[in-house]
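Worksheet for the structure shown next.
Here is how names work: the chains are called A, B, and so on, in the same order as the sequence lines, proteins then strands, and each is numbered from 1. Predicted model only: the values in this text are computed from it and were never measured. These values consider heavy atoms only, across backbone and side chains, with no hydrogens, waters or symmetry-generated copies.
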2 protein chains.
Amino acid sequence: MRPTTKDLAQAAGVSLATVDRVLNGRPGVRKKTVDAVNNAIQKIGFERNQVAATLARKRGYRFGFVLPKEGDEFLDEIMERIREIQRAGRAEMMSVKTIRIDEQDPHKAAASLSRLKTEDFDGIAIMAPETPQIRDAILRMRERGILTIPFISNQQNDENDVFVGIDNRAAGATAGRLMGRFVCAQQGVVAVITDTVQARDSLERRLGFDDVINHDFANLRVLPTLETYADPERTQRIIRTIMASQPDLVGIYMMGSEARVPLEMLSQFRTDEDLVTIAHEKTPSTVAALRDRKLDALVAQNPGHLVRSAVRILRAKCENRPTLASQEKTRIEILIADNLY
Amino acid sequence: MRPTTKDLAQAAGVSLATVDRVLNGRPGVRKKTVDAVNNAIQKIGFERNQVAATLARKRGYRFGFVLPKEGDEFLDEIMERIREIQRAGRAEMMSVKTIRIDEQDPHKAAASLSRLKTEDFDGIAIMAPETPQIRDAILRMRERGILTIPFISNQQNDENDVFVGIDNRAAGATAGRLMGRFVCAQQGVVAVITDTVQARDSLERRLGFDDVINHDFANLRVLPTLETYADPERTQRIIRTIMASQPDLVGIYMMGSEARVPLEMLSQFRTDEDLVTIAHEKTPSTVAALRDRKLDALVAQNPGHLVRSAVRILRAKCENRPTLASQEKTRIEILIADNLY
DNA sequence: TTGTAGGCGTTATCAC
DNA sequence: GTGATAACGCCTACAA
């Protein structure tokens, strides 16, 4: 039988309460006693039973996801996965809530974060742009004792802490290599479209993309990034212009997470089967485009994985135990028509 | 506060013990009482607390993985992931064991399965070739009351039951499309190498591969599958012959899960940068080959995911609750040099 | 600084 | 058939 806290208390010659204090790093125990307990842990090979520990805490774990108020299809997927885990989590004594913030207004957003109280949350996963106000708000949350982890959009990797999301530079590189391999032309020009290059994510993807193209595909020339500002009309204009002005166009890289609008516009123009198109994220639009051969490949991060990984990491932090590193590294998925599952 | 069994007992006008009997489908309760409890469940929105339930069962969950005795690098990865979950599982009241069977000898293998007792296992994930003896042994295990699920190698999908592993036909199709897209030649010949075409997995991959090539890449001709029987010398001979006899060779598809030997042999010959090579499974050998540009792409199933998914499914079955379908579908991963993480 | 006792929401073992 | 009641292993008052 596995040793229990009772065995441990006996082995260390202390009471259950003291064992609990040491186990959970609570104050009010003499160093000597702490050592005695720790030695006993080693000696009898004690390992805490998380199931019992969770049950004994009256309240379960309460986690939150901070998400932008306005979002694209990718965000819809994320929210659907959060809903899934909400349902499944109840039986495991875990509740998950979402908090929407106004991404456009850093002050409002920061204020929303400030309102999150320690009494309501054990940990929060935060998807938010990198602004001074938000960074401060996050720091203050931590001081209040709420665990936080960056979610999908990285907050400049402040401490070499965990981060749930993909390496965007590698994602861009992946897109770059697929573009290079799929284009069979001797020479050609590649266009890059995104909503805005403001975000760090876009910058990193572009860097990765260029790295690969410049290094391994000298036959291709990549044009400056075109910004749509998520405006359909502007998007249409951009695509029309690029198609008309670049006779050597062989590929289009849709770099943002909102490929729906560019794809719609593109489908009005694309007649040339040799134009290679690559986008990000698996959404209803991109999946349909992949099936219809309007898109050649998708570079994606799995929304379900992101959400579950965030929750697992927060929970592990709460319980003060390590996570399986191999499980929590977010994979850069490549999707084509045949592995869409 | 969430309703507990106590609340439920009160609402149904019965005792805790009866509630438990109904909840766990145990016999010895009048139909009328069962209905009363079920109605009360609906009425008060009761949902069982799995944490408490797990704790209250004296023993935790005991699962097993049946694996072949002899294996390749892919199997090593699987075992490493099982070890990981063994460590992590203890705190969650779950133990995981592996049982190695002699794949070459169906009778011995079946005998090994027969030895697995209900007292020792709540559920077993089985990776085994599809032979009458093994099929029977599995059926008998089920009759004994042990939950079983096919693992990686499918047992002809007997009941439309769960299956942990990839759709091999889709995996072959994925390899086919990558081959078609990566080969830029006007015309060419593609070779297919595997250990043996005995296994259903190989057949299905080949079907998927051919589907795509025939349908979408008329410029390519796929040669009959070459079998290495996992013999290095034979592999070398095969590769030498194919390189010499097929001047139009533009691609090699290593269809089995053991790409190490073919890759080694290939590296002795490959000088032509235009030869596209695609293999299966992420292992030290294939990863190194991908990095060294000796391999262009990998079609893989994630070993960690496979193992954890099997455990989650077994556990859910034990606890008589559903799984997250989106999480348990094994993805067909495409790996290139840039998304190897 | 340390210990005692009661409780978390189930399951299991007895009686009736 | 059904109902009390004692575990399960840990946490948390409150007492000493």
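A donor-acceptor contact under 3.5 Å is formed by the side chain of B:Arg21 with the base of D:dG3.
If you check C:dT11, D:dT2, C:dT2 against the side chain of A:Val29, the one that comes closest is C:dT2.
Contact annotation for B:Ala17: base contact, defined as any heavy-atom pair under 4.0 Å involving a base atom. Counting non-hydrogen atoms under 4.0 angstrom, A:Val14 reaches the backbone sugars and phosphates but no base. Using a 4.0 Å heavy-atom cutoff across all strands shown, A:Arg26 reaches sugar-phosphate atoms only and no base atom. Base engagement by A:Asp20 is indicated by at least one non-hydrogen atom pair under 4.0 Å involving a base atom. Here A:Thr54 lies out of heavy-atom contact (under 4.0 Å) with every strand.
Both cation-pi conditions hold for A:Arg57 and A:Tyr61: the charged atom is under 6.0 angstrom from the six-membered ring centre and inside a 45 degree cone around its axis.
The phosphate of D:dC11 has OP1 or OP2 within less than 4.0 Å of a side-chain N or O from A:Asn24. Considering only side-chain N and O atoms, A:Arg30 lies under 4.0 angstrom from the phosphate OP1 or OP2 of C:dT2. Between A:Thr18 and C:dT2 there is no side-chain N or O to OP1 or OP2 distance below 4.0 Å.
Aromatic rings from B:Phe65 and B:Phe151 are positioned such that their centres are separated by under 6.0 Å.
The pair B:Glu84-B:Arg81 meets the salt-bridge criterion, since a charged nitrogen lies less than 4.0 angstrom from a carboxylate oxygen.
DNA chain D is contacted by both A:Leu55 and A:Arg59; A:Leu55 maps to the nucleotide lying nearer its 5′ end (nearest heavy atom per residue).
Other residues, nucleotides and ligands place more than 12 heavy atoms under 6.0 Å from the CD atom of A:Glu92.
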